[in-house]
There are 2 protein chains.
Amino acid sequence: MNSKQIEVLENYITEHKLKITKQRRAILNAFIECENHVSVEELYGIVSEQEPKIGLATIYRTLALLTKSGLALEMDFGDGQKRYESSYMNAHHDHMVCTECGKIIEFNHPLIEKYQEEIAIQNGFKITSHKLDLFGHCNDCL
Amino acid sequence: MNSKQIEVLENYITEHKLKITKQRRAILNAFIECENHVSVEELYGIVSEQEPKIGLATIYRTLALLTKSGLALEMDFGDGQKRYESSYMNAHHDHMVCTECGKIIEFNHPLIEKYQEEIAIQNGFKITSHKLDLFGHCNDCL
DNA sequence: GTTGCTGCAAAGTGTTTGCACCCTG
DNA sequence: CAGGGTGCAAACACTTTGCAGCAAC
């Protein structure tokens with residue numbers, strides 16, 4: 001899976017006449033291994049452990065690249081910073097965010113998706129993406 | 001409806017030993033009359049027409065006040081700025097956002113709400129709020 | 001050797017805050 | 001007339017950008 005993602009990135013890079021660098025590899029590796037929904041700052045921390053010379057701007061630029069190449073998905077849970085998840089990790093899912101401890105539970109409900117599509121059609125709307133976040137308290141924080 | 005909201009605000013203000021000011025009235029009025037999903041900057045523009053001396057910081061502070069008093073709801077459509085809607089205008093609803101022209105269609109689907117609740121319970125999660133945004137293209141932008 | 005990439009610092013953007021003065025209650 | 005509210009500018013947090021040197025192709 002790891003190597004598959006490197007392949008996807010390298011394909012994208014070659015197709016767009018871009019270059020593969022040590023930094024991009026390092027960031028991609030850290031991104032694949034770290035847990036989902038990393039913030040830029042968190043990823044920067046992880047990458048810095050192994051490649052201390054990498055700058056924050058490079059993390060930003062590489063995450064933008066990963067997003068364009070389809071490897072990463074940009075998320076925003078309204079806490080003022082972007083978070084990213086690997087689109088290869090799991091299929092599409094939505095999120096329950098515990099407002100107490102920050103835990104994120106992923107879920108997917110086919111019927112919810114179905115009714116979204118249904119109501120969109122009723123409004124002459126063509127969905128390209130959606131986002132559903134439930135906020136509240138998880139088991140441990142009740 | 002207008003007067004009802006002023007009442008709500010004045011109640012909140014009195015209860016919290018705060019003060020009613022010309023600025024707060026002006027901002028509340030503009031907020032009630034303008035269309036839903038205003039950004040801070042937009043509201044600032046509208047308010048400035050009638051009260052040119054009002055500062056941007058006051059808009060921010062008053063919108064925070066309106067949110068705390070339950071009159072306004074804070075939204076974030078991922079465009080990098082907060083937007084607000086009046087919670088008295090309509091009942092709860094979700095949004096379809098046209099990524100082409102920015103149009104926002106409001107909708108509500110009881111079954112979607114029901115299945116959200118259902119899957120939350122399955123995960124031992126207690127929902128306090130949720131947000132569902134569909135992104136795509138509206139009728140005019142296909 | 002081109003041309004894109006990086007690190008750094010500077011600039012941007014949206015939002016919050018400190019402070020002296022003002023006004024409501 | 002006390003204590004909160006306001007305007008202004010400075011501070012903030014996160015993100016983007018300009019640029020000179022560097023590295024991949």
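Order of the sequence lines fixes the chain letters, A, B, ..., with proteins taken first and strands second; residue numbering starts at 1 for each chain.
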Would you mind reading off the distance between [X] atom [atom1] and [N] atom [atom2], rounded to a whole angstrom?
X     : N      : atom1 : atom2 : result
A/I54 : C/dC5  : CD1   : C1'   : 12 Å
B/L63 : C/dT16 : CG    : P     : 10 Å
B/R25 : C/dC23 : CZ    : P     : 16 Å
A/K82 : C/dT13 : NZ    : C1'   : 12 Å
B/Y44 : D/dC8  : OH    : C1'   : 10 Å
B/Y12 : D/dG4  : OH    : P     : 14 Å
B/H16 : D/dG5  : NE2   : P     : 12 Å
A/E41 : D/dC14 : CD    : C1'   : 9 Å

Note to self: Does a side-chain N or O of A/T58 approach OP1 or OP2 of C/dT6 to a distance below 4.0 Å, or not?
What the structure shows: no
Note to self: Using OP1 and OP2 only, check whether a side-chain N or O of A/R24 sits under 4.0 Å from C/dT6.
What the structure shows: yes
Item checked: Check: B/H16 side chain, B/L18 main-chain N or O, donor-acceptor pair, under 3.5 Å -> no
Check: Side chain of B/E42, backbone of B/S39: donor and acceptor closer than 3.5 Å?
Finding: yes
Is it the case that one hydrophobic cluster holds both [X] and [Y], taking links as side-chain heavy atoms less than 4.5 Å apart, direct or via other members?
X      : Y      : result
B/I105 : B/F135 : no
A/I104 : A/F31  : no
B/F107 : B/F77  : no

Check nucleotides 17-19 of chain C against the protein and report each pair of N or O atoms closer than 3.5 Å, with its distance, or say if there are none.
from: C/dG18; atom 1: O6; to: B/R61; atom 2: NH1; distance (Å): 3.4

Once side chain to side chain donor-acceptor pair (under 3.5 Å) is applied, do any residues pair with [X], and if so which ones, sequence neighbours excluded?
X      : value
A/H37  : A/E85, A/H95, A/E106
A/K131 : A/D133
B/D76  : none

Next item on the list: Give, ordered by number, those residues of residues 64-81 of chain A having at least one heavy-atom distance below 4.0 Å to an atom of DNA chain C; if nothing qualifies, reply none.
Entry: none
Item checked: Under the salt bridge (charged side-chain N to carboxylate O under 4.0 Å, His left out) test, residues paired with A/K19 that sit two or more places apart -> none
List, one per line, each side-chain donor-acceptor pair under 3.5 Å for residues 58-75 of chain A, sequence neighbours excluded.
from: A/T62; atom 1: OG1; to: A/T58; atom 2: O; distance (Å): 2.7
from: A/T67; atom 1: OG1; to: A/L63; atom 2: O; distance (Å): 2.8
from: A/S69; atom 1: OG; to: A/L65; atom 2: O; distance (Å): 3.3
from: A/S69; atom 1: OG; to: A/L66; atom 2: O; distance (Å): 3.0

Notebook entry, point to check: Could you give the distance from CG (B/L134) to CD1 (A/I127), rounded to the nearest 0.5 Å?
Noted result: 4.5 Å
Notebook entry, point to check: Given axes from five pairs at either end, by how many degrees does the helix from C/dG1-D/dC25 to C/dG25-D/dC1 bend, rounded to 10°?
Noted result: 30°
Checklist line | Sequence-aligned protein contact record of nucleotides 20-25 of chain D, with B where the base is within under 4.0 Å of a protein heavy atom and S where only the sugar-phosphate is | finding: ---BBS
Check: residues 96-103 of chain A side-chain donor-acceptor pairs under 3.5 Å, at least two apart:
from: A/T99; atom 1: OG1; to: A/G136; atom 2: O; distance (Å): 3.2
from: A/K103; atom 1: NZ; to: A/D140; atom 2: OD2; distance (Å): 3.4

Margin query: Clusters formed by hydrophobic residues whose side-chain heavy atoms approach within less than 4.5 Å: which one holds B/I46, and what are its other members?
Written below: none
For a quick test of your reading: what N or O donor-acceptor pairs under 3.5 Å do the side chains of residues 116-125 of chain B make, sequence neighbours left out?
from: B/Q116; atom 1: OE1; to: B/H130; atom 2: ND1; distance (Å): 3.3
from: B/N123; atom 1: ND2; to: B/I119; atom 2: O; distance (Å): 2.8

